[in-house]
Amino acid sequence: MHPCYTCQGPLGGAHDSDHELDENAEPDRLECPACLANRRAQGGRPIVLDLPSARDLKKAEKNGPPTGDPWWTVRLIHAQRWPKWDRENDRVPELWPNARA
């Protein structure tokens, strides 16, 4: 898996903390439980990653996923879920997914 997008810590949360996940995270989860709870408490919207460029997609087809982007697979999931047209027309997630904090 990848690290938390916000704090760069483990995606499942700190070991033995109140917010530690006790099950596998969804493949598109970006934040650890503590960061997700903080974002929700502040009224923030869910994180939606930038679309990969056509050049990056071609490079990934030829050479495999980029090693410098630990969130590459999540970026691809977000690209399918919220394509460019949706983003340009402000159709990005307003509500939180079913991820538990």
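Summarising the geometry of His78 relative to Ile47, their closest heavy-atom pair is CE1-O, 3.4 Å, with the distance given to 0.1 Å. Taking each heavy atom of Arg75 and Asp50 in turn, the nearest pair found is CG-O, 3.0 Å.
Rounded to the nearest 0.5 Å, atoms OG (Ser53) and NZ (Lys58) are 11.0 Å apart.
Residues Pro3 and Pro70 are in side-chain contact: their nearest non-hydrogen atoms beyond the backbone lie under 4.5 Å apart. Between Asp28 and Arg81 there is a side-chain heavy-atom pair separated by less than 4.5 Å. The side-chain heavy atoms of Arg29 and Leu36, taken from C-beta on, include a pair separated by under 4.5 Å. Within the 4.5 Å cutoff, the side chain of Cys7 has heavy atoms near those of the Cys32 side chain. Put simply, the side chain of Thr6 reaches to within 4.5 Å of the side chain of Arg39, judged on heavy atoms. Side-chain contact between Leu49 and Tyr5 is present, with at least one heavy-atom pair separated by less than 4.5 Å.
Without hydrogens or angle criteria, Arg40 side chain to Gln42 main chain gives no donor-acceptor distance under 3.5 Å. Between the side chain of His2 and the backbone N or O of Trp71 there is no donor-acceptor pair closer than 3.5 Å.
Leu76 belongs to a hydrophobic cluster with Leu57, Trp72, counting contacts under 4.5 Å between side-chain heavy atoms of Ile, Leu, Val, Met, Phe, Trp and Tyr, direct or through other members.
Thr73 meets the side chain to side chain donor-acceptor pair (under 3.5 Å) test with no other residue; sequence neighbours excluded. The salt bridge (Lys or Arg N to Asp or Glu O under 4.0 Å) check on Asp56 picks up nothing, with sequence neighbours excluded.
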